[in-house]
There are 2 protein chains.
Amino acid sequence: MGISLKDVAARAGVSVKTVSNVVNGYRHVTPATRQRVQQVIDELGYRPNLTARHLRKGRTGIIALALPELGNPYFAELADAVISYAAGLDYIVLLDHTNGRRDQEVLFAQGFRARLIDGLILSPIELENEDLLARGNDAPLVLLGEREYEAPHDHIAIDNVAAARTATRHLLDLGRRRVAFLGARHGRVRRVAHLRLRGWRAAIAESPGAADGDELVAATDGYTRGDGAQAMARLLDSGAAPDAVFCYNDLIAVGAMRTLTERGVRVPEDVAVVGFDDIDDGRYCSTSLTTIAPHKQAIAQAAVDALLARLDGGDEAAQAEPRHIRPGFALIRRESTLGRPLESG
Amino acid sequence: MGISLKDVAARAGVSVKTVSNVVNGYRHVTPATRQRVQQVIDELGYRPNLTARHLRKGRTGIIALALPELGNPYFAELADAVISYAAGLDYIVLLDHTNGRRDQEVLFAQGFRARLIDGLILSPIELENEDLLARGNDAPLVLLGEREYEAPHDHIAIDNVAAARTATRHLLDLGRRRVAFLGARHGRVRRVAHLRLRGWRAAIAESPGAADGDELVAATDGYTRGDGAQAMARLLDSGAAPDAVFCYNDLIAVGAMRTLTERGVRVPEDVAVVGFDDIDDGRYCSTSLTTIAPHKQAIAQAAVDALLARLDGGDEAAQAEPRHIRPGFALIRRESTLGRPLESG
DNA sequence: ATGAAAGCGCTAACAT
DNA sequence: ATGTTAGCGCTTTCAT
């Protein structure tokens, strides 16, 4: 195959150990030896075989990041942050798509890619609690996102209920009374969107004059702009007549705004809109989007740190109780909710 | 460490070979043996150590994809396509950021990650031809994107000149006469944006009445929405008074549209806009964006196929002449260039 | 400061 | 159909 340590050693007239020492920057090597070896390395174009090194060391320096898909800018931006942060810590990232499918998620949750990766960061959508319990305890696993589990794994997520409540309250504070929720999922109580829906309900409940009927909750099949556009159209057609919409995510919000504009409904005058995720997209819409901004940088760092703590922290760290880390979030006000709040509620 | 083949073999009372046969689905194993071994595997929760397998086989089934960054939706969508397509062929993707920095790109171009990856797909920005020539011929390398090199590597890119010419001509066909180009890079002749600029020039040159002054070419520092917004502002302030803008990419176009809208310039009535990349974003802008759509799926597939051909195709394939593959593109007309073309030119 | 040799877990050639 | 064994390329005791 390629050039190995042995080849270099033979050519330089030293043992493999010495070459290994040079390659790894071991201190106690005579400058003369080092130079000679280095010269042969350059001559031969030797590159250490990482696979062999990994096998020997029992570690690869690779972590896997399993996300639904990169087509969603939120996940792309998050992956960007994870890759960059991990690179700074000398870890590389293997990126996998689950497509939000349970079978795929199960595959990763259970030790798929065993001993190829040192650990896994997984953002599940359909994964069930039982799937996690069935896991052979392999590499450490860090969970990401809104789904909640009772399993012994670290979990990184902002407080989704609080964030949704903040978003909804912002709309109510503007004097809106018919605040719709876009992006629920039918009959999936513990699933994604559940916590955000709960936050929405909580804010509505606190606000005496606010409408709280189920006709204000619109389900979507997925989380894309197209789903948002369709759901908004259905909501409008149903006669629900909202004066504000809180959307499960920014993509749905952008789609909803598109439908509103097409139908001559003004944003924010007639209907105010709030999204969730703070994707770059929302900042440059012609009506820029008010949104909940989860601190992606913090999420990415917390996820990687949690993983590495279990990897590098020794036995106590590896055995420590699972932690639930809640990075912060912020409400970013933009044009889609412009307007002064009413004096009285 | 974990459970190895040997452990399973001992427990099942067979040799490692037999266990290996079972694990790899080798046909000639008595059902009884197979079942017994499988049972022990399940009991012990055995998982093959992929690193060891890779070392032994000299192949890892991993390809690296090195992109500037995932924050740009074009790259995110492209990565999405690469990952999905590679997964279907049982390859996994290691995703690396170059941040468009030459030193990073050089690192990957030269056999970084040697023998950890079977091959590399690289989308360079600053990489120079000499960097490629200095490459120790390690794993196969496939180049992606507008930069052109004279180096023995496959290159996948749409015909950027033709695409830019198509885009610009579309604007001219609308009767526009002062078509600006947004997204050039100062004094970087062979760099990104060069080919698209050339396509712009070609279209203008073909169109007798069209303005072709340098004041219509606006440089940007990067390729983000913010860069586009700023460049558009500068162009407007400079008094160049364009009636159309062809942008290096969709992000710049979205930023430009934002500036135009803010300044009360109507799109497309006063200024028509065309982008490049066909990111999802552009489809749902309140004024949806006309754009050049490179066939991302085709690009991703061509890149992976080219790599795998060299990997799996035997010696002839590995030594074959470098190929320059040009997937197709399409002009997608949307609202940002709406309006009937003028009768006479 | 350097060398010799064991062994990480697997596959494949060879043997039975 | 199954067992034995060498060896992928590296790091790491243990010697010297």
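First the proteins, then the strands, lettered A, B, ... as listed; each starts at 1.
- Rounded to whole Å, atom C1' of C:dC10 lies 9 Å from atom CG of B:N24.
- Taking atom CZ of A:R56 as the reference point, atom C1' of D:dT11 lies 5 Å away to the nearest angstrom.
- For B:L5 and C:dA12, the CG to C1' distance is 13 Å, given to the nearest whole Å.
- Looking at which nucleotide of DNA chain C each of B:L50 and A:V14 is closest to, the 5′-most match is held by A:V14.
- Cation-pi geometry between A:K17 and A:Y26 is met: under 6.0 angstrom from the ring centre, within 45 degrees of the axis.
- Of the candidate nucleotides D:dC10, C:dT2, D:dT11, D:dC10 has the atom lying nearest to any side-chain atom of A:Y46.
- A close approach under 4.0 Å does not occur between any side-chain nitrogen or oxygen of B:N21 and OP1 or OP2 of D:dA1.
- When heavy atoms are screened at a 4.0 angstrom cut-off, B:T51 is found touching no nucleic acid atom at all.
- Atom NE2 in B:H28 sits roughly 5 Å away from atom P in D:dA1 (whole-Å rounding).
- Heavy atoms only, all atoms of each residue included: A:P327 and A:A157 are closest at CD-O, 3.5 Å.
- C:dC8 atom C1' lies 4 Å from atom CG of A:L55, rounded to whole Å.
- Note on A:T33: a side-chain N or O is less than 4.0 Å away from OP1 or OP2 of C:dT2.
- Taking atom CZ of A:R47 as the reference point, atom P of D:dG9 lies 16 Å away to the nearest angstrom.
- Between B:K17 and B:P48, it is B:P48 whose nearest contact on DNA chain C lies nearer the 5' terminus.
- Side chains of A:R53 and A:N24 form a contact here, defined as non-hydrogen atoms less than 4.5 Å apart.
- For the pair A:S15 and C:dG3, the criterion of a side-chain N or O lying under 4.0 Å from OP1 or OP2 is met.
- Taking both residues in full, the closest heavy atoms of B:L141 and B:H153 are given as O-CB, 3.6 Å, listed atom of the first, atom of the second, then distance.
- Contact between the side-chain N/O atoms of B:T30 and the OP1/OP2 oxygens of D:dA1 is not found at any separation under 4.0 Å.
- By the neighbour-count criterion of 12 heavy atoms within 6.0 Å, atom CD of B:E321 is sparsely surrounded, having that number or fewer from other residues, nucleotides or ligands.
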